[in-house]
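What follows is one structure encoded as structure tokens, with my remarks underneath.
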Amino acid sequence: METPSAASGGVPRVFSVIRALGAVQAEGGRVTQIARSVGLTQATTHRLLQSLMAEGMVEQDERSKLYRLSIDFFALAASAGNPGDLRSICRPVLLRLCASLGDSIFLLARSGFDAICLDRSEGPFPIRSFTGDIGGRIALGVGQGALAILAFLPEAEREEVIRFNLSRVREYGVYDEVYLRTEIERVRQAGYAGRNTGLLEGMAGVAVPILDREGRAVAALSVGTIADRLNADRMPTVVELLKREASAIGPKINPFDATLRRPAQSLAGSPAGQKIPLPDAPGPA
């Protein structure tokens with residue numbers, strides 16, 4: 001009969017192989033490469049790979065003979081769910097920022113070519129926002145939160161969104177392609193979206209992207225307030241608080257979180273945001 005220590009001895013080896021495959025998932029890995037990475041013999045590594053293939057967790061390309069983690073592996077990870085989905089992770093952050101800043105705080109998540117309001121914590125000052133209530137959506141690039149997300153998408157995705165959304169953002173009357181690209185570059189350099197144009201009288205907003213472990217923008221934290229409360233003296237403090245919270249959220253994001261794939265469906269039971277009339281110029285959130 002196998003002793004507990006002997007029975008568990010293979011488990012670390014199996015997971016070391018899985019981690020090694022994860023590191024080369026894009027191109028795939030050969031037995032020699034995986035063996036060298038995990039410090040095992042080729043024979044042992046091959047045996048472990050074959051066992052994982054038998055369980056459907058690993059696949060091998062018939063032509064290149066390269067190994068990769070299988071679709072079944074990722075499906076299993078996705079079905080496990082995430083006890084801390086993005087909205088749950090961010091809820092304490094929104095409450096904390098709202099209490100410390102005394103302004104309305106928004107959580108926006110990317111939904112295709114749009115940003116959708118996943119949550120908000122209401123401050124004492126009446127404001128207008130493009131997304132309205134929880135569940136409201138706006139084209140990526142319109143408003144500070146949606147602009148922060150767009151600016152930090154991978155370049156190919158960003159270009160595709162710009163091409164698709166350009167005609168949509170033009171409906172707001174202040175956008176053209178040059179202006180949009182200039183704003184995107186400004187946000188990328190500064191690390192936040194918060195240039196107050198004064199085009200929407202009395203309103204101001206600032207937002208920072210929430211980046212996942214691969215550095216992709218999946219959401220944004222946004223402050224919406226009256227212009228007098230977001231002047232040049234206060235702006236750095238607000239930005240620093242937002243960046244600090246966003247950087248702490250990023251490592252906690254589960255890449256299989258259903259909220260990131262279907263943000264609207266994750267809001268079942270929450271108040272749906274109503275489509276609001278197009279304002280004269282971009283505002284907060």
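Residues Val208 and Leu95 are members of separate hydrophobic clusters, defined by side-chain heavy-atom contacts under 4.5 angstrom among Ile, Leu, Val, Met, Phe, Trp and Tyr.
A search for ring-ring contact (aromatic ring centres under 6.0 Å, His included) contacts involving Phe113 returns Phe164, not counting sequence neighbours. For Phe15, there are no ring-ring contact (aromatic ring centres under 6.0 Å, His included) partners at least two apart in sequence or on another chain. With sequence neighbours excluded, the residues that form a salt bridge (charged side-chain N to carboxylate O under 4.0 Å, His left out) with Glu245 are Arg96. Residues meeting the salt bridge (charged side-chain N to carboxylate O under 4.0 Å, His left out) test with Arg30, sequence neighbours left out: none. In this structure Arg188 satisfies the side chain to side chain donor-acceptor pair (under 3.5 Å) test with no other residue, sequence neighbours excluded. Thr182 pairs by the side chain to side chain contact (heavy atoms under 4.5 Å, CB included) definition with Val178, Arg186, not counting sequence neighbours. Evaluation of the salt bridge (charged side-chain N to carboxylate O under 4.0 Å, His left out) rule for Arg168 yields Asp114 as partners, not counting sequence neighbours. In terms of the side chain to side chain contact (heavy atoms under 4.5 Å, CB included) criterion, residue partners of Val187 (sequence neighbours excluded) are, by chain and number, Leu147, Ala151, Phe152, Ala193. Partners of Arg47 by salt bridge (charged side-chain N to carboxylate O under 4.0 Å, His left out), not counting sequence neighbours: none found.
Between Gln144 and Val206 the shortest side-chain heavy-atom distance does not fall below 4.5 Å. Put simply, the side chain of Ile253 does not reach to within 4.5 Å of the side chain of Arg213, judged on heavy atoms. Within the 4.5 Å cutoff, side-chain heavy atoms of Ile249 are placed close to those of Cys90. Side-chain contact between Ile149 and Val218 is absent, with no heavy-atom pair separated by less than 4.5 Å. Side-chain contact between Arg13 and Val38 is absent, with no heavy-atom pair separated by less than 4.5 Å. Proximity of Ile184 to Ile162: side-chain heavy atoms (C-beta onward) are separated by under 4.5 Å at one or more points. With a 4.5 Å cut-off on side-chain heavy atoms, Leu107 and Val93 do not count as touching.
Between Lys252 and Asp212 no salt bridge is recorded (no basic side-chain N to carboxylate O distance below 4.0 Å). Under the 4.0 Å criterion applied to side-chain N and carboxylate O atoms, Arg170 and Asp176 are not assigned as salt-bridge partners.
Considering all non-hydrogen atoms of both residues, Gly145 and Ala220 come closest at O-CB, 3.5 Å. Contact between Leu153 and Ala217 at its shortest, heavy atoms only, is CD2-O, 3.5 Å. Taking all atoms of both residues into account, the shortest heavy-atom contact from Ala146 to Leu140 is O-CD2, 3.7 Å. Contact detail for Phe106 and Cys117: the closest heavy-atom pair is CD2-SG, 4.2 Å. The shortest non-hydrogen separation linking Val24 to Gln33 is CG1-NE2, 3.4 Å. Of all non-hydrogen atoms in Leu118 and Ile134, the two that sit nearest each other are O-CG2, 3.4 Å.
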Please set out all donor-acceptor pairs under 3.5 angstrom arising from side-chain atoms of residues 65-74, sequence neighbours excluded.
| from | atom 1 | to | atom 2 | distance (Å) |
| --- | --- | --- | --- | --- |
| Lys65 | NZ | Glu62 | O | 3.2 |
| Tyr67 | OH | Gln50 | NE2 | 3.3 |
| Tyr67 | OH | Gln60 | NE2 | 3.3 |
| Arg68 | NE | Gln25 | O | 3.3 |
| Arg68 | NH2 | Glu27 | O | 3.0 |
| Ser70 | OG | Gly56 | O | 2.5 |
| Ser70 | OG | Met57 | O | 3.3 |
| Ser70 | OG | Asp72 | N | 3.3 |
| Ser70 | OG | Phe73 | N | 3.2 |

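Distance CD/Glu59 to CG/Leu21: 10.5 Å, rounded to 0.5 Å. With rounding to the nearest 0.5 angstrom, the CD1 atom of Ile105 is 9.0 Å from the CG atom of Leu241. Atom OG of residue Ser104 and atom CG of residue Leu97 lie 12.0 Å apart, to the nearest 0.5 angstrom. Rounding to the nearest 0.5 Å gives a distance of 13.0 Å between CD1 of Ile89 and CG of Asp119. Taking OG of Ser88 as the reference point, atom CG of Asp85 lies at 3.5 Å (rounded to 0.5 Å). Here the CG atom belonging to Leu101 is positioned 9.0 Å from the OG1 atom belonging to Thr237, to the nearest 0.5 angstrom.
Although no hydrogens or angles enter the test, the distance criterion places no donor-acceptor pair under 3.5 Å between the side chain of Arg120 and the main chain of Leu108. One N or O on the side chain of Thr45 and one on the backbone of Thr41 form a donor-acceptor pair closer than 3.5 Å. Using a distance-only test at 3.5 Å, with no hydrogens or angles considered, a donor-acceptor pair links the side chain of Ser247 to the main chain of Arg244.
Residue pairs meeting the salt bridge (charged side-chain N to carboxylate O under 4.0 Å, His left out) criterion with at least one member in residues 33-44: none, sequence neighbours excluded. Applying the salt bridge (charged side-chain N to carboxylate O under 4.0 Å, His left out) definition to pairs two or more places apart or across chains, those involving residues 152-165 are Arg110-Glu157, Glu157-Arg216, Glu159-Arg181, Glu160-Arg163.
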I'd like to know whether Leu94 forms a side-chain contact (heavy atoms from CB on, under 4.5 Å) with Leu221, so could you lay out the CA-CA distance, the side-chain angles of the two residues, the decisive distance to 0.1 Å, and finally the verdict.
CA-CA 8 Å; Leu94 267 63; Leu221 287 175; 3.8 Å; yes
